[in-house]
Amino acid sequence: MTFLINVYAKCGTMDYARKVFDNLPRRNVVSWTTLMTGYVYNSQPELAIQVFQEMLEAGAYPSNYTLGTALNACSSLHSVRLGKQFHAYIIKYQIDFDTSVGNALCSFYSKFCNLGSAIKAFQRIREKNVISWTAVISACGDNGEAARGLKFFTEMLSKDIKPNEFTLTSILSLCCTTLCLGLGAQIHSLSSKLGYESYLPIKNSIMYLYLKCGWIREAQKLFDGMEIVSLVTWNAMIAGHAQVMDFVEDDISAYKSGCEALNIFLKLNRSGLKPDLFTFSSILTVCSRLVALEQGEQIHAQTIKTGFLTDVVVGTALINMYSKCGSIEKASKAFVEMDTRTMISWTSMITGFSQQGWSQQALQLFEDMRLAGVRPNQITFVGVLSACSQAGMVNEALSYFEMMQKEYKIKPVMDHFACLIDMFVRLGRLKEAFDFIEKMDFEPTEFIWSLLIAGCRSHGNLELGFYAAEQLLKLKPKETETYVLLLNMYISAGRWKDASRVRKMMKEEKLGKFQDWSWINIKEKVYSFKPNDKSHFHSADLYTSLENLLQQASSLGYKSLETMEVTDEDEEENTSSSTAYHSEKLAVAFGLLNTPNATPIRVIKSVFMCRDCHNFAKYISLLTDREIIIRDSKRLHKFVNGRCSCGDFSGLP
DNA sequence: CTAGGGTTAG
């Protein structure tokens, strides 16, 4: 009758299977094991474990198959304790370490992040089959050792073992993490040769690989050509577009990619499939990068309704969404309401507070994190140091910097130094900033010098500024913003020769596009603005109202600053044009005109905000009593009552 | 034995 258990299990009717089992006149190890396997097959690992325990209590001896199944159940339950207990049974009952036990042990150890034991288990297997190899390869992938996994794959091929569809999917996943497009293409053709071309996981992986490597059109083509898709397909498209936002050349392309992700999300919702925790975490990240609060709030509601908000990754993504949209109170509420938090959740919240200029809260939370026994990482300390830097807490900054190295053995990287240097620069302690740069045990980067130069400009130490500029120019800067900074400095000092030297270098270095562009999102519609843009349907009113704002701001003491315009076609030398119609000014004015009183204004800008616009936004927040949130290419600025959350970051060009 | 998710400031 045991076969009947198997039949019911395969049909997804475990209740019947259990009944058959309960009515068996005699039970042997095979019937117990079959029932367990059924539960694992039907994603009920906890019941499988329960059966295993019943079996031991009944005095039956488990076989190697039984333990293999039990271990698989532990893997899906993420129960380290049980798995280790089972490993002990293997020894106690002198279970033969055969292929199935070895395979199960290998993937169990992998799931609980013990790659060493996983590999050991693999190596103990006398007769390794394709499953053993696949297990060890995916173990490497799951534990961040993609290159090692690829080595096992070559070894496997050299032993003439033919990969199956599972192996190929694992390898493609390794290609995704290492961005090996070439190998991915080879695997693609190999899988066609082996007859797996229509196998959905392989298609999904290839599509995702294309996206991650920037082959967006090809990925889209694959997607459009798929007649059968799964939720994973949709999620891969959304996650892929979210990641594309990170590496595209300019913020305009990033913005487009984010909108595409939102579009795909809408289509997914209409397709009848239900989004899951993977979907929600990706799409919330997209919202945070787009500063799309309205969409983010709707998705928040959806995560509550579907119960996926309990997932810690979704919760963390939600914190980031709110904090990147400038709603720090809601971010904090989301953080408080989480029932489990990981180091990343804490780090996100600390960084969020710090970006909003809430230094005290950031530091308090860091202390709470330590009390909770959660170990901070390099990124956590960037948040902590930047909080100190904003608040000008020199002693605290230095002591956290020391704590990081002594207590947590974390090596400082450029970003940590940048925080400290920014701190000294903000305080006008340029000499100390400079000393710090000289003390670092690695070469100062373009960004570090830029910080110092911007500080020299605003604190009027031109001599040091010119010196730093020479150091910077030796590095052949790559960022357009760096050149804008240098040009501004030289031109305002009347050093025309230096300015034209910089311009010449700009041409030689083939810089990326520098397009000033801003967006504002009102009632889920997006309006974009270019500087001096008069082509818009909304222009007449808009310009009048901007003039008005400029005038009112002037009466409060606002003085417009002339800065350099650097555009793609800029051929003229030494021109300095008006900053009055920079794109963010237009977007802010448009937002004021088209939203009800007291609504916060949220604008995204494709390049760095200039000092003048930064200053202007402060006055406008005071004048109109509105929160103005502008996220530029570098950071978030939240203007409230004439002050900015960045605490007037020293690196503004 | 397989594919998809969250932190990076200055």
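- Contacts between residues 313-321 of chain A and DNA chain B, counted as heavy-atom distances below 4.0 Å, involve V313(A), V314(A), T316(A), N320(A).
- Using a 4.0 Å heavy-atom cutoff across all strands shown, K212(A) reaches no nucleic acid atom at all.
- Stacking annotation: F166(A) is stacked on the base of dC1(B) (ring centroids less than 5.5 angstrom apart, interplanar angle below 30 degrees).
- For F381(A) and F366(A), the distance between ring centers is under 6.0 angstrom.
- Proximity of the aromatic rings of F265(A) and W234(A) is defined here by a centroid distance below 6.0 angstrom, and this criterion is not met.
- Listed nucleotides dT2(B), dA9(B), dC1(B) differ in distance to D415(A); the shortest reach to its side chain belongs to dA9(B).
- Nearest nucleotide to the V382(A) side chain, out of dT7(B), dA3(B), dA9(B): dA9(B).
- Across dG6(B), dT2(B), dG10(B), the shortest atom-to-atom separation from the side chain of S345(A) is found for dG6(B).
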H300(A) and L309(A): side chain to side chain contact (heavy atoms under 4.5 Å, CB included), yes or no, with the steps? CA-CA 8 Å; H300(A) 180 187; L309(A) 188 55; 3.9 Å; yes
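- When heavy atoms are screened at a 4.0 angstrom cut-off, L231(A) is found touching base atoms of the nucleic acid.
- We find the CZ-OG distance between F353(A) and S323(A) to be 9.5 Å, quoted to the nearest 0.5 Å.
- Nearest nucleotide to the side chain of Y208(A), out of dG5(B), dT7(B), dA3(B): dG5(B).
- The distance between atom CG of N377(A) and atom P of dT7(B), rounded to the nearest whole Å, is 12 Å.
- Within the 4.0 angstrom heavy-atom criterion, only backbone atoms of the sugar-phosphate kind lie near Q355(A); the bases stay farther away.
- You'll find a donor-acceptor pair under 3.5 Å spanning the side chain of S281(A) and the base of dG5(B), going by distance alone.
- Taking the side chain as every heavy atom from C-beta outward, Y208(A) and L172(A) never approach each other to under 4.5 Å.
- In terms of the side chain to side chain donor-acceptor pair (under 3.5 Å) criterion, D142(A) has no residue partners (sequence neighbours excluded).
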